[in-house]
Colleague: 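What follows is a single structure, and I will ask about it in a moment.
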Amino acid sequence: MAIKGNSGELKSRSSASIFIVIGLCCFFYILGAWQRSGFGKGDKIASAITKQTDCSVISNLNYETHHGDDVVTADGSDKAAKEFPSCHAKYADYTPCQDQMRAMRFPRDNMIYRERHCPPEDEKLQCLIPAPKGYATPFPWPQSRDYVPFANAPYKSLTVEKAVQNWIQYEGNVFRFPGGGTQFPQGADTYINQLASAIPIDNGMVRTALDTGCGVASLGAYLFKKNVITMSFAPRDSHEAQVQFALERGVPAVIGVLGSIKMPFATRAFDMAHCSRCLIPWGENDGLYMMEVDRVLRPGGYWVLSGPPINWRTYFGAWKRPKEDLEEEQRKIEEIARLLCWEKLDELGDIAVWKKRTNYDLCRQQDIKPNLCEPSYPGDVWYKKMEACVTPYPKSTKSYEEWKPFPDRLNAIPPRISSGSVPGVSVDMYQEDIQIWEKHLKSYKSINNLINSGRFRNIMDMNAGLGSFAAALDSPKLWVMNVMPTIAEKDTLGVISDRGLIGIYHDWCEAFSTYPRTYDLIHADGIFSLYKDKCRAEDILLEMDRILRPEGSVIIRDNVNVLIKVKKIVGGMRWDARMVDHEDGPLVSEKVLFAVKKYWVVGDIITANNKKKKVKN
């Protein structure tokens with residue numbers, strides 16, 4: 001009897017144990033799911049920390065992360081951050097790949113010496129570019145369109161050289177920009193209204209423009225009134241600091257020239273291209289430069305040429321050039337335009353407007369047919385020589401014949417995606433990307449509430465993807481330079497252009513084609529993982545520091561292990577930085593590093609403990 005009784009007790013205990021184990025398994029499964037859903041303790045901690053560290057004053061970054069960023073080096077050592085010294089004052093406006101002294105080593109034919117010529121590894125600066133003494137935060141837009149602090153770009157030569165043309169005037173401690181230009185001394189508004197009589201600038205059909213030889217970019221500055229965003233470019237030449245002035249005004253611009261290599265823009269990127277006395281020899285080199293403009297114009301896009309030689313019969317006396325030269329120059333331009341199958345719409349005084357056909361049907365009927373370029377990867381333009389051939393139209397031009405106005409096209413399905421011409425990118429992926437970046441931006445704003453406030457005008461996205469970060473940010477208070485790394489797995493710069501945004505190809509192992517201190521906010525998504533085996537992280541960070549304004553902000557999104565190393569480097573760069581969790585919680589390995597560049601100028605040294613002292617340069 002005793003034996004039977006013990007057996008029943010054992011069976012009862014065994015059953016109870018099984019139920020307890022099953023119950024515990026269920027409990028921990030539900031607990032884990034609860035935490036992963038965003039309502040667990042980890043996210044409560046992250047939420048509490050975020051609330052305690054409101055970024056109303058950007059420089060007071062006080063964020064924590066759930067990962068030990070004391071593990072700062074690959075070998076697990078805990079060495080102090082390397083302190084980067086200040087560069088000499090003579091480098092205050094240093095542009096590494098357009099250095100004036102280095103340029104003189106290269107041929108002047110076809111402006112080769114004004115193209116990009118980057119320093120070799122052993123000549124790269126390993127120091128921080130200083131701001132000039134008296135540097136001031138730029139005025140907010142739209143005031144910045146008309147005024148720039150003198151100390152930010154202290155160059156007066158254009159105030160004398162272009163005084164009659166109303167480019168720029170010096171008044172007290174600021175430069176004033178009256179809105180004039182070589183071709184429109186009476187102001188850009190009047191000139192733009194002339195263009196609008198032949199080009200649909202007012203209805204959103206023209207959204208993106210390219211201004212070649214832009215001067216101080218007054219055309220681009222005033223086209224913002226029409227909701228047109230202009231990519232302006234000009235060389236670093238005798239017109240001192242013209243691109244620097246453009247960016248100080250809050251207008252998109254890069255240092256560049258039409259020389260021997262292709263422009264770093266996507267094929268069919270712009271709705272309009274413009275040249276106002278830009279001194280580009282359009283009729284020379286077998287039409288090479290007009291063919292390159294044709295490459296970057298979308299079907300149905302417009303080309304504007306104003307000034308010599310247009311309507312030379314009327315203006316040759318004022319231009320002080322022989323009639324025969326001007327007549328021959330215009331004849332060549334007209335001939336190349338016909339070869340390209342462009343339709344001449346109008347001549348408005350000394351302004352001529354052509355339109356690129358929306359499809360190639362009519363062009364097939366021409367007696368003279370151009371030499372078509374060999375089919376190639378459309379993004380293969382980085383350091384590639386221009387060719388005297390015409391870029392073929394896409395196989396289907398229906399989407400260009402039914403071109404959407406802006407802002408409708410911003411989140412519509414881009415033609416390159418709907419046609420399947422971007423490998424690996426589907427309509428579903430594109431729509432999901434829009435939602436992801438709207439979510440990311442909402443999270444960014446909860447940490448840095450000055451985004452979209454007008455505090456950040458010039459914004460750069462170093463790895464722009466499909467352009468959804470810029471699309472989510474879209475506002476008249478700001479613009480975004482979307483950069484497509486040349487080593488990106490998917491080349492989607494054309495998609496960005498289709499959306500009515502501007503963008504450019506670039507290799508981040510080299511310096512960007514801009515002056516120091518030209519961006520207010522830099523966004524870098526996965527850039528350090530992308531370039532992990534290509535070049536040093538500190539070289540990329542030094543370039544970011546060069547182009548970032550004092551008190552400018554940086555948002556770096558990457559794997560936690562990568563960000564730990566990045567945070568270590570910026571600790572020696574006079575940045576304040578804090579790493580925060582992914583918006584989906586601490587269990588996600590991707591993190592976000594928020595940083596602010598400290599204010600310092602020539603002669604200042606800010607040490608790791610935030611103490612400032614003077615040094616001699």
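Reckoned from all heavy atoms, side chains included, excluding hydrogens, waters and symmetry mates. The model shown is predicted, which means the values in this text are computed figures rather than measured ones.
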Colleague: Any side-chain heavy-atom pair from R298 and K356 closer than 4.5 angstrom?
Modeller: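 R298 does not reach K356 side chain to side chain.
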Colleague: Between the side chains of S260 and N110, does any donor sit under 3.5 Å from an acceptor?
Modeller: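 Judged by distance alone, the side chains do not pair up.
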Colleague: On the ring face of Y222, is R145 found with NZ or CZ under 6.0 Å from the centre and within 45° of the axis?
Modeller: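 Because its charged atom sits under 6.0 Å from the ring centre and within 45° of the axis, R145 does stack over Y222.
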Colleague: Cut-off 3.5 Å, side chains only: do R557 and H440 have a donor facing an acceptor?
Modeller: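 Note: R557 and H440 side chains meet the donor-acceptor criterion.
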Colleague: Please work out which of the three classes, parallel, tilted or perpendicular, describes the rings of F265 and F233, given edges at 30° and 60°.
Modeller: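 Ring orientation, 0 to 90° scale: tilted.
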Colleague: From T518 OG1 over to I255 CD1, what is the distance, rounded to the nearest 0.5 angstrom?
Modeller: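 The CD1 atom of I255 is 8.5 Å from OG1 of T518, to the nearest 0.5 Å.
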Colleague: Is there a donor-acceptor pair closer than 3.5 Å between any side-chain N or O of R114 and the backbone N or O of L258?
Modeller: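 Here the side-chain-to-backbone pair does not exist.
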Colleague: Can a side-chain donor-acceptor contact be found between N311 and T314 if the only test is distance below 3.5 angstrom?
Modeller: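 Short answer, yes.
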Colleague: If we ignore angles and hydrogens, is there a donor and acceptor under 3.5 Å between the side chains of D491 and Y505?
Modeller: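 A donor-acceptor contact under 3.5 Å links the two side chains.
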Colleague: Are the side chain of N203 and the backbone of M205 linked by a donor-acceptor contact shorter than 3.5 Å?
Modeller: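 Yes; judged by distance alone, with no hydrogens or angles, the pair exists.
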Colleague: Which atoms form the tightest heavy-atom contact between P485 and I527, and what is the distance?
Modeller: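 Closest pair (atom of P485, atom of I527, distance): CG-CD1, 4.0 Å.
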Colleague: Report yes or no: do Y400 and R357 form a side-chain donor-acceptor pair below 3.5 Å?
Modeller: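 No, no side-chain donor-acceptor contact under 3.5 Å.
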Colleague: Going by atom types alone, do S419 and S421 pair a side-chain donor with an acceptor below 3.5 Å?
Modeller: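 The answer is yes; a qualifying pair exists.
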Colleague: Checking Q431 against Q435: is there a side-chain donor and acceptor pair closer than 3.5 Å?
Modeller: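 There is no such pair (donor and acceptor under 3.5 Å, judged by atom type) between the side chains of Q435 and Q431.
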Colleague: Would you please classify the geometry between the H506 ring and the W508 ring as parallel, tilted or perpendicular, with 30° and 60° separating the classes?
Modeller: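 Ring orientation, 0 to 90° scale: perpendicular.
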Colleague: Do T492 and R416 have side-chain atoms, one donor and one acceptor, less than 3.5 Å apart?
Modeller: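 No donor-acceptor contact under 3.5 Å links the two side chains.
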Colleague: Measure from the ring center of W319 to the ring center of Y315 and say whether it is less than 6.0 Å.
Modeller: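 Yes, they do, as the ring centres are separated by less than 6.0 Å.
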Colleague: Can you confirm whether the side chains of D350 and S306 place a donor and an acceptor under 3.5 Å from each other?
Modeller: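 There is no such pair between these side chains.
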Colleague: Is a donor from one side chain sitting under 3.5 angstrom from an acceptor on the other, for N458 and W479?
Modeller: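 N458 vs W479: donor-acceptor pair found between side chains.
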Colleague: Centre-to-centre under 6.0 Å for Y519 and F456, is that the case here?
Modeller: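 Between Y519 and F456, the centre distance exceeds or equals 6.0 Å.
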Colleague: Within the distance-only criterion (no hydrogens, no angle test), does the side chain of T95 pair as donor or acceptor with the backbone N or O of Q98 below 3.5 angstrom?
Modeller: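 Yes, T95 side chain to Q98 backbone: donor-acceptor pair under 3.5 Å.
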Colleague: Taking atom types as modelled and ignoring hydrogens, do the side chains of R249 and S218 form a donor-acceptor contact shorter than 3.5 angstrom?
Modeller: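 Distance-only check passes for R249 and S218.
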Colleague: Taking the side chain as C-beta and beyond, is there a heavy-atom pair between V353 and K344 under 4.5 Å?
Modeller: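 When only atoms from C-beta onward are counted, K344 and V353 do not touch, as no gap falls below 4.5 Å.
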Colleague: Any heavy-atom pair between the side chains of C275 and V304 that's under 4.5 Å?
Modeller: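 Side chain of V304 against side chain of C275, heavy atoms only: no contact under 4.5 Å found.
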Colleague: Has the side chain of R207 got a donor or acceptor atom that lies under 3.5 Å from a matching backbone atom of F406?
Modeller: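 No; zero donor-acceptor contacts below 3.5 Å.
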Colleague: With no hydrogens and no angle check, just 3.5 Å: does a side-chain donor-acceptor pair link E248 and S144?
Modeller: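 No donor-acceptor contact under 3.5 Å links the two side chains.
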Colleague: Using modelled atom types only, decide if a donor and an acceptor are shared between the side chain of E387 and the backbone of C389 within a distance under 3.5 Å.
Modeller: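 No.
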Colleague: Is it true that K332 and E335 have a side-chain N and a carboxylate O under 4.0 angstrom from each other?
Modeller: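 Salt bridge between K332 and E335, a charged N being under 4.0 Å from a carboxylate O: no.
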Colleague: Within a strict 4.5 Å, meaning less than it, do heavy atoms of the I310 and L305 side chains meet?
Modeller: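 With C-beta onward as the side chain, the pair touches.
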Colleague: Counting N and O atoms only, with roles assigned by atom type, does the side chain of R116 sit under 3.5 Å from a partner on the main chain of C97, one being a donor and the other an acceptor?
Modeller: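 Here the side-chain-to-backbone pair does not exist.
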Colleague: With sequence neighbours left out, what residues match W354 under ring pair (Phe, Tyr, Trp, His ring centres under 6.0 Å)?
Modeller: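 Checked W354 against ring pair (Phe, Tyr, Trp, His ring centres under 6.0 Å); matches are W303.
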Colleague: Please report whether the ring centroid of H274 lies less than 6.0 Å from that of Y302.
Modeller: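 So the answer is no for these two rings.
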Colleague: Applying salt bridge (charged side-chain N to carboxylate O under 4.0 Å, His left out) between D271 and each of R409, K355, K226, report the one that passes.
Modeller: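 Running salt bridge (charged side-chain N to carboxylate O under 4.0 Å, His left out) over R409, K355, K226 with D271 returns exactly one hit, R409.
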